[in-house]
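One is the number of the first residue; the rest follow in order along the sequence.
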Amino acid sequence: MKPSNVLILPGWQNSGAGHWQTLWEQQHGWHRVEQHDWMRPLRGDWSARLEETVVDADGPVVLVAHSLGCILTAWWAAHSRNTHKVQGALLVAPGDVEHPDVAPLLPGWTPIARQTLPFPTVLVGSRNDPYCTYERVQSLAQAWGAEFVDLGERGHINAESGLGDWPAGLALLAPLMNTKD
(Lines give C-alpha, C1' and ligand atoms only; values in the text may rest on other atoms or scores of the structure.)
Protein backbone atom coordinates (compact mmCIF):
# COMPACT_ATOMS: atom_id res chain seq x y z
CA MET A 1 0.00 0.00 0.00
CA LYS A 2 1.31 3.43 -0.94
CA PRO A 3 2.02 5.68 2.07
CA SER A 4 -0.30 8.35 0.65
CA ASN A 5 -3.19 5.88 0.85
CA VAL A 6 -3.05 5.59 4.64
CA LEU A 7 -5.21 8.50 5.73
CA ILE A 8 -4.73 9.96 9.21
CA LEU A 9 -7.96 11.47 10.59
CA PRO A 10 -7.25 13.46 13.75
CA GLY A 11 -9.96 14.64 16.07
CA TRP A 12 -11.03 18.04 17.33
CA GLN A 13 -8.06 20.43 17.63
CA ASN A 14 -5.84 18.12 15.54
CA SER A 15 -3.14 15.73 16.84
CA GLY A 16 -0.04 17.42 18.24
CA ALA A 17 3.66 16.64 18.16
CA GLY A 18 3.70 13.77 20.68
CA HIS A 19 0.52 12.09 19.44
CA TRP A 20 0.89 8.60 17.94
CA GLN A 21 -0.94 9.78 14.79
CA THR A 22 1.66 12.49 14.21
CA LEU A 23 4.52 10.07 14.91
CA TRP A 24 3.06 7.53 12.45
CA GLU A 25 2.65 10.23 9.82
CA GLN A 26 6.29 11.30 10.25
CA GLN A 27 7.74 7.79 10.41
CA HIS A 28 5.76 6.22 7.57
CA GLY A 29 4.96 9.15 5.28
CA TRP A 30 1.23 8.66 5.73
CA HIS A 31 -1.22 11.40 4.72
CA ARG A 32 -3.02 13.55 7.29
CA VAL A 33 -6.41 14.73 6.04
CA GLU A 34 -6.12 18.45 6.75
CA GLN A 35 -9.33 20.15 7.79
CA HIS A 36 -10.25 23.78 7.23
CA ASP A 37 -10.88 24.51 10.90
CA TRP A 38 -9.56 22.27 13.66
CA MET A 39 -10.97 24.43 16.46
CA ARG A 40 -14.56 24.87 15.21
CA PRO A 41 -15.18 21.70 13.19
CA LEU A 42 -18.20 21.49 10.95
CA ARG A 43 -19.34 17.95 10.20
CA GLY A 44 -20.32 18.77 6.60
CA ASP A 45 -16.97 20.44 5.87
CA TRP A 46 -14.96 17.64 7.47
CA SER A 47 -16.98 14.99 5.65
CA ALA A 48 -16.56 16.78 2.29
CA ARG A 49 -12.80 16.99 2.85
CA LEU A 50 -12.61 13.26 3.62
CA GLU A 51 -14.72 12.51 0.54
CA GLU A 52 -12.36 14.62 -1.63
CA THR A 53 -9.31 12.85 -0.27
CA VAL A 54 -10.74 9.35 -0.73
CA VAL A 55 -11.91 10.11 -4.27
CA ASP A 56 -8.52 11.60 -5.21
CA ALA A 57 -6.56 8.64 -3.80
CA ASP A 58 -4.80 6.42 -6.28
CA GLY A 59 -6.12 3.03 -5.18
CA PRO A 60 -7.62 1.74 -1.95
CA VAL A 61 -7.22 3.62 1.33
CA VAL A 62 -6.97 2.71 4.99
CA LEU A 63 -8.39 5.15 7.54
CA VAL A 64 -6.63 5.77 10.88
CA ALA A 65 -8.98 7.86 13.00
CA HIS A 66 -8.81 9.27 16.52
CA SER A 67 -11.60 10.80 18.64
CA LEU A 68 -13.79 13.06 16.45
CA GLY A 69 -12.12 11.41 13.44
CA CYS A 70 -13.95 8.19 14.40
CA ILE A 71 -17.30 9.99 14.49
CA LEU A 72 -16.42 11.55 11.12
CA THR A 73 -15.61 8.14 9.65
CA ALA A 74 -19.01 6.70 10.64
CA TRP A 75 -20.89 9.76 9.35
CA TRP A 76 -18.96 9.83 6.08
CA ALA A 77 -19.50 6.08 5.54
CA ALA A 78 -23.25 6.53 6.02
CA HIS A 79 -23.40 9.13 3.22
CA SER A 80 -20.60 8.43 0.74
CA ARG A 81 -20.85 6.45 -2.48
CA ASN A 82 -17.09 5.82 -2.30
CA THR A 83 -16.82 3.54 0.72
CA HIS A 84 -15.73 0.75 -1.65
CA LYS A 85 -12.34 2.51 -1.81
CA VAL A 86 -11.78 1.93 1.92
CA GLN A 87 -9.90 -1.27 2.61
CA GLY A 88 -10.20 -0.95 6.39
CA ALA A 89 -10.29 1.44 9.34
CA LEU A 90 -8.56 1.68 12.70
CA LEU A 91 -10.78 3.79 14.97
CA VAL A 92 -9.27 4.86 18.29
CA ALA A 93 -10.99 6.50 21.28
CA PRO A 94 -14.14 7.89 19.66
CA GLY A 95 -15.38 11.05 21.35
CA ASP A 96 -18.98 10.97 22.53
CA VAL A 97 -20.41 14.05 20.78
CA GLU A 98 -23.87 13.19 22.13
CA HIS A 99 -22.79 13.62 25.76
CA PRO A 100 -24.56 16.66 27.26
CA ASP A 101 -21.24 18.26 28.27
CA VAL A 102 -19.71 17.81 24.81
CA ALA A 103 -22.63 18.41 22.40
CA PRO A 104 -22.68 22.22 22.97
CA LEU A 105 -18.94 22.41 22.20
CA LEU A 106 -19.36 20.61 18.86
CA PRO A 107 -22.66 21.77 17.39
CA GLY A 108 -23.91 19.86 14.37
CA TRP A 109 -22.10 16.60 15.17
CA THR A 110 -25.15 14.77 16.49
CA PRO A 111 -26.52 12.25 16.02
CA ILE A 112 -23.67 9.76 15.77
CA ALA A 113 -24.15 7.51 12.74
CA ARG A 114 -24.65 3.97 14.02
CA GLN A 115 -24.79 1.79 10.91
CA THR A 116 -22.52 -1.18 10.29
CA LEU A 117 -19.45 0.13 8.51
CA PRO A 118 -18.99 -1.37 5.04
CA PHE A 119 -15.29 -2.14 5.51
CA PRO A 120 -13.26 -4.10 8.09
CA THR A 121 -12.92 -2.02 11.23
CA VAL A 122 -11.02 -2.28 14.51
CA LEU A 123 -12.14 0.03 17.32
CA VAL A 124 -9.75 0.59 20.23
CA GLY A 125 -11.19 1.92 23.48
CA SER A 126 -10.02 2.75 26.98
CA ARG A 127 -11.75 2.00 30.27
CA ASN A 128 -11.08 5.52 31.62
CA ASP A 129 -11.46 7.77 28.56
CA PRO A 130 -12.75 11.13 29.81
CA TYR A 131 -14.50 11.74 26.46
CA CYS A 132 -16.37 8.45 26.07
CA THR A 133 -17.46 5.93 28.69
CA TYR A 134 -16.33 2.34 28.35
CA GLU A 135 -19.93 1.21 27.90
CA ARG A 136 -20.48 3.79 25.16
CA VAL A 137 -17.33 2.84 23.23
CA GLN A 138 -18.38 -0.83 23.36
CA SER A 139 -21.84 0.16 22.10
CA LEU A 140 -20.32 2.10 19.18
CA ALA A 141 -18.09 -0.85 18.28
CA GLN A 142 -21.14 -3.11 18.17
CA ALA A 143 -23.19 -0.62 16.11
CA TRP A 144 -20.36 -0.15 13.63
CA GLY A 145 -19.66 -3.90 13.35
CA ALA A 146 -16.10 -3.30 14.54
CA GLU A 147 -13.75 -5.68 16.26
CA PHE A 148 -13.36 -4.18 19.74
CA VAL A 149 -9.96 -3.95 21.45
CA ASP A 150 -9.87 -3.05 25.17
CA LEU A 151 -6.69 -1.05 25.84
CA GLY A 152 -7.28 -0.97 29.58
CA GLU A 153 -6.90 2.33 31.40
CA ARG A 154 -5.12 4.57 28.86
CA GLY A 155 -7.22 7.74 29.05
CA HIS A 156 -8.08 9.23 25.66
CA ILE A 157 -5.35 7.17 23.92
CA ASN A 158 -3.48 10.31 22.92
CA ALA A 159 -0.10 11.91 23.64
CA GLU A 160 -0.90 12.07 27.37
CA SER A 161 -1.41 8.29 27.42
CA GLY A 162 2.36 7.71 27.13
CA LEU A 163 2.11 5.41 24.10
CA GLY A 164 4.91 7.03 22.08
CA ASP A 165 4.74 5.73 18.52
CA TRP A 166 2.41 2.96 19.79
CA PRO A 167 3.80 -0.26 18.25
CA ALA A 168 0.77 -2.24 19.51
CA GLY A 169 -1.45 0.10 17.48
CA LEU A 170 0.64 -0.53 14.38
CA ALA A 171 0.16 -4.27 14.97
CA LEU A 172 -3.62 -3.72 15.00
CA LEU A 173 -3.38 -1.70 11.78
CA ALA A 174 -1.18 -4.17 9.87
CA PRO A 175 -3.93 -6.69 8.95
CA LEU A 176 -6.11 -3.86 7.62
CA MET A 177 -3.28 -2.81 5.30
CA ASN A 178 -2.73 -6.21 3.71
CA THR A 179 -3.67 -5.77 0.08
CA LYS A 180 -3.66 -7.70 -3.16
CA ASP A 181 -1.97 -4.90 -5.15
Side-chain angles (χ1 to χ4, degrees), residues 6-16 19-22 24-25 30 32-33 35 38-47 49-51 53-54 61-80 83 86 88-161 163 166 168-170 172-173 176:
V6 177
L7 304 181
I8 304 287
L9 305 173
W12 182 29
Q13 302 179 20
N14 206 346
S15 293
H19 196 289
W20 57 267
Q21 282 188 317
T22 301
W24 288 5
E25 178 185 15
W30 295 342
R32 180 180 305 241
V33 177
Q35 296 295 348
W38 291 108
M39 302 309 288
R40 291 178 301 283
L42 300 174
R43 182 164 65 180
D45 287 352
W46 279 35
S47 189
R49 183 70 184 114
L50 177 54
E51 178 76 359
T53 306
V54 169
V61 299
V62 172
L63 307 177
V64 178
H66 180 258
S67 195
L68 192 60
C70 300
I71 305 306
L72 168 65
T73 298
W75 183 259
W76 172 82
H79 297 91
S80 175
T83 58
V86 178
L90 177 65
L91 307 179
V92 180
D96 185 359
V97 296
E98 293 176 341
H99 190 280
D101 292 339
V102 176
L105 301 173
L106 296 168
W109 281 87
T110 60
I112 296 172
R114 286 185 171 79
Q115 79 293 341
T116 300
L117 297 176
F119 37 78
T121 304
V122 174
L123 189 151
V124 182
S126 167
R127 291 179 175 264
N128 64 340
D129 188 335
Y131 302 109
C132 191
T133 67
Y134 186 67
E135 294 73 24
R136 183 72 144 179
V137 75
Q138 288 180 302
S139 170
L140 290 173
Q142 183 176 20
W144 294 337
E147 174 189 340
F148 179 69
V149 176
D150 177 353
L151 205 61
E153 294 191 355
R154 297 310 289 239
H156 194 47
I157 313 176
N158 56 12
E160 288 76 39
S161 298
L163 299 170
W166 194 28
L170 287 171
L172 293 171
L173 179 62
L176 298 170

Quiz item: After noting the C-alpha distance and the side-chain angles of Ile157 and Leu163, does the key distance pass the side chain to side chain contact (heavy atoms under 4.5 Å, CB included) rule?
Solution: CA-CA 8 Å; Ile157 313 176; Leu163 299 170; 3.5 Å; yes
Quiz prompt | Evaluation steps, side chain to side chain contact (heavy atoms under 4.5 Å, CB included), between Val97 and Leu68 | solution = CA-CA 8 Å; Val97 296; Leu68 192 60; 3.6 Å; yes
Quiz item: Should Trp46 and Trp109 be marked as a ring pair (Phe, Tyr, Trp, His ring centres under 6.0 Å) after you check the CA-CA gap, both sets of side-chain angles, and the distance that decides it?
Solution: CA-CA 11 Å; Trp46 279 35; Trp109 281 87; 5.6 Å; yes
Practice problem: Begin from the C-alpha positions of Arg43 and Leu72 and carry the test side chain to side chain contact (heavy atoms under 4.5 Å, CB included) through to its verdict. | Solution: CA-CA 7 Å; Arg43 182 164 65 180; Leu72 168 65; 5.6 Å; no
Quiz prompt | Arg127 and Asp150: CA distance, side-chain angles, deciding distance, side chain to side chain contact (heavy atoms under 4.5 Å, CB included) verdict | solution = CA-CA 7 Å; Arg127 291 179 175 264; Asp150 177 353; 2.6 Å; yes
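When atom types are taken as modelled, the side chain of His66 and the backbone of Ile8 share no donor-acceptor pair closer than 3.5 angstrom. Ser139 places no side-chain N or O within 3.5 Å of a backbone atom of Glu135 that could act as its donor or acceptor partner. No donor-acceptor pair under 3.5 Å is formed between the side chain of Trp38 and the backbone N or O of Trp12. Put simply, the side chain of Glu147 never gets that close to the backbone of Ala141: no donor and acceptor are under 3.5 Å apart. One N or O on the side chain of Gln21 and one on the backbone of Val64 form a donor-acceptor pair closer than 3.5 Å. Not a single donor-acceptor pair under 3.5 Å links the side chain of Ser126 to the backbone N or O of Leu151. With hydrogens and angles disregarded, a donor-acceptor distance shorter than 3.5 Å links the side chain of Arg154 to the backbone of Ser161.
Between atom CG of residue Asp101 and atom OH of residue Tyr131 there is a gap of 11.0 Å, rounded to the nearest 0.5 Å. Atom NE2 of residue His79 and atom CG of residue Leu50 lie 13.0 Å apart, to the nearest 0.5 angstrom. Atom SG of residue Cys70 and atom CG of residue Leu9 lie 8.5 Å apart, to the nearest 0.5 angstrom. Rounding to the nearest 0.5 Å gives a distance of 12.0 Å between CG of Leu106 and CZ of Arg40. In this structure, OG1 in Thr110 is found 11.0 Å from CD1 in Ile71, a value given to the nearest 0.5 Å. Atom-to-atom distance recorded for Trp24:CH2 and His19:NE2 is 10.0 Å, nearest 0.5 angstrom.
Heavy atoms only, all atoms of each residue included: Ala113 and Ala78 are closest at CB-CB, 4.2 Å. Val33 and Arg49 make their closest contact through CG1-CG, 3.8 Å (heavy atoms, listed as atom of the first residue, atom of the second, distance). Of all heavy-atom pairs spanning Arg32 and Ser15, the tightest one is NH1-O, 3.2 Å.
Looking at Thr121 and Thr73, their side chains never come closer than 4.5 Å, going by heavy atoms from C-beta outward. Looking at heavy atoms from C-beta onward, Val62 lies in side-chain contact with Leu173 at the 4.5 angstrom threshold. Side-chain atoms of Thr133 and Asp96, non-hydrogen and from C-beta on, never get closer than 4.5 Å to each other.
The local environment of CD in Gln142 is sparse, with at most 12 non-hydrogen atoms from other residues, nucleotides or ligands closer than 6.0 Å. Within 6.0 Å of the CZ atom in Phe119, the count of heavy atoms belonging to other residues, nucleotides or ligands exceeds 12.
Residues satisfying the ring-ring contact (aromatic ring centres under 6.0 Å, His included) criterion with Trp144, sequence neighbours excluded, are absent altogether.
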